[in-house]
Amino acid sequence: MKTILIPTDFSELAKNATDLAANLAKKVNAEIILLHVVEDASVSSVQYTGELAMPNMQDRLFIYKLIENAKREFNNVKEKHKGVEIKEEIRVGNPYYSVQDMIGEYEIDLVVMGTKGATGAKELFIGSNAEKVVRHAKCPVLTVHGPADINKLKNIAFATGLKDAQGKHIEIIKTIGEFFDVNTHIVRINTPNNFQTDVDSVRELHEYAKESGIKKYEVRVFNDVTEEEGIIHFAEEIDADLIVMATHGRKGLAHLVAGSIAEEVVNHSKRPVLTFSMKH
């Protein structure tokens, strides 16, 4: 984990994400890139270089004021998190496309962003933007709902239907385990429409943990009405500090990231949620 992207609108939610990411960066010696997007419906994503082709002077002045304000906010973040390598990026356009562009251009290992959930006020990365980032990002995405201290990370709820032990998500889970000495609870959610015996599930989960190289773990089968409810309820039962979700894109938990389940968990869980799409 070398490069962490934080999309920020400088709200309280975004500051919670920045605080968590900064502490994580200190632990793993990673670089942070702060991204602020000045929204403009006429373009998808344009890197700020000092000159912007605005249709009229009034629009141009308004954009420049927003950019200057972002620069001041960046300085406040750097002052607060001294000792962390922080770069800043200002883009004009659509927040979702700007995040996607940044992931590819900078080979981002992890996106950390704040979100208030489905019923909260609409901030920069709330609602459809957050859902699209979670669904389509080519790297893991960590969403943060409130203040969260990464240094107190002890229990991870890792929901999976996978048999594969490959992927960047596993490296991130092992990195977190190495630096924070966490206990990873690997769980399969059993539902009426997606049932598998405990014997088969536990055996497969142990095999998965062994193949992936996760050292400190427990396996569990948890029964619930739906996958998203099961993940949230299981995390509550073990008092998880972080929920992690993976999908293979076939059956079982196949739609955890590609479909609505991950978005439902991100929107309704009060805990930090790490999601990743195996198709990437």
Side-chain angles (χ1 to χ4, degrees), residues 3-18 20-21 32-49 52-54 59 62-63 66-67 69-70 73-74 77 87-145 168-169 172 228 245-247 249 255-269 272-280:
T3 310
I4 300 172
L5 175 65
I6 310 173
T8 180
D9 57 359
F10 308 111
S11 65
E12 197 63 33
L13 299 172
K15 290 177 181 177
N16 290 334
T18 303
L20 183 148
I32 281 177
I33 300 179
L34 282 173
L35 169 65
H36 179 70
V37 181
V38 177
E39 291 196 68
D40 184 346
S42 64
V43 295
S44 59
S45 178
V46 177
Q47 186 171 5
Y48 171 68
T49 58
L52 296 171
M54 292 291 136
D59 288 343
F62 178 69
I63 293 294
L66 293 177
I67 290 172
N69 180 68
E73 292 286 357
F74 280 145
V77 174
K87 292 182 179 179
E88 64 233 38
E89 182 95 9
I90 299 174
R91 300 220 168 179
V92 179
N94 176 277
Y96 165 71
Y97 289 112
S98 296
V99 171
Q100 293 297 86
D101 289 346
M102 290 283 292
I103 290 172
E105 291 171 23
Y106 289 90
E107 297 182 349
I108 299 299
D109 296 303
L110 177 68
V111 175
V112 182
M113 62 185 190
T115 179
K116 197 170 184 177
T119 59
K122 290 185 178 180
E123 303 286 348
L124 177 60
F125 287 95
I126 303 305
S128 60
N129 282 316
E131 290 174 0
K132 286 191 290 186
V133 171
V134 166
R135 190 186 311 138
H136 298 297
K138 294 181 179 180
C139 71
V141 179
L142 175 59
T143 53
V144 182
H145 296 257
K168 183 177 289 186
H169 66 286
I172 288 182
E228 56 266 40
M245 296 185 293
T247 179
H255 300 290
L256 270 176
V257 174
S260 62
I261 296 177
E263 296 156 31
E264 287 295 313
V265 174
V266 166
N267 280 332
H268 295 103
S269 173
V273 181
L274 176 65
T275 58
F276 45 85
S277 176
M278 288 300 295
K279 66 181 179 180
H280 296 305

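Values below: all heavy atoms of this structure, side chains included; hydrogens, waters and symmetry mates excluded.
- Shown here for G114 and A17, the closest heavy-atom pair between the two residues is N-CB, 3.5 Å.
- Taking CG of N94 as the start and CD of E39 as the end, the distance is 7.0 Å to the nearest 0.5 Å.
- Within the 4.5 Å cutoff, the side chain of V37 has no heavy atoms near those of the V99 side chain.
- Residues forming a side chain to side chain contact (heavy atoms under 4.5 Å, CB included) with A21 (at least two apart in sequence, or on another chain): I4, I6, I32, V112.
- Partners of E73 by side-chain hydrogen bond (donor to acceptor under 3.5 Å, both in side chains), not counting sequence neighbours: none found.
- A distance of 11.5 Å separates OG1 in T115 from CG in N16, rounded to the nearest 0.5 Å.
- Annotation: side chain of R91 is in contact with side chain of L35 (closest heavy-atom distance under 4.5 Å).
- In this structure, H145 NE2 and N267 CG are separated by 7.5 Å, a value rounded to the nearest 0.5 Å.
- Taken from CZ in F10 to CG in L34, the straight-line distance is 7.0 Å, to the nearest 0.5 Å.
- In terms of the salt bridge (Lys or Arg N to Asp or Glu O under 4.0 Å) criterion, E12 has no residue partners (sequence neighbours excluded).
- The two atoms that bring F74 and E89 nearest to each other are CZ-O, 3.7 Å, heavy atoms only.
- Note that the CG atom of L13 and the CE atom of M113 stand 11.5 Å from one another [nearest 0.5 Å].
- Using a 4.5 Å cut-off on side-chain heavy atoms (C-beta onward), L142 and L20 make contact.
- Side-chain contact check for L5 versus Y106: every heavy-atom pair is 4.5 Å or farther apart.
- Put simply, CD on E88 and OG1 on T8 are 12.0 Å apart, with the number rounded to the nearest 0.5 Å.
- Side-chain contact between P140 and L110 is present, with at least one heavy-atom pair separated by less than 4.5 Å.
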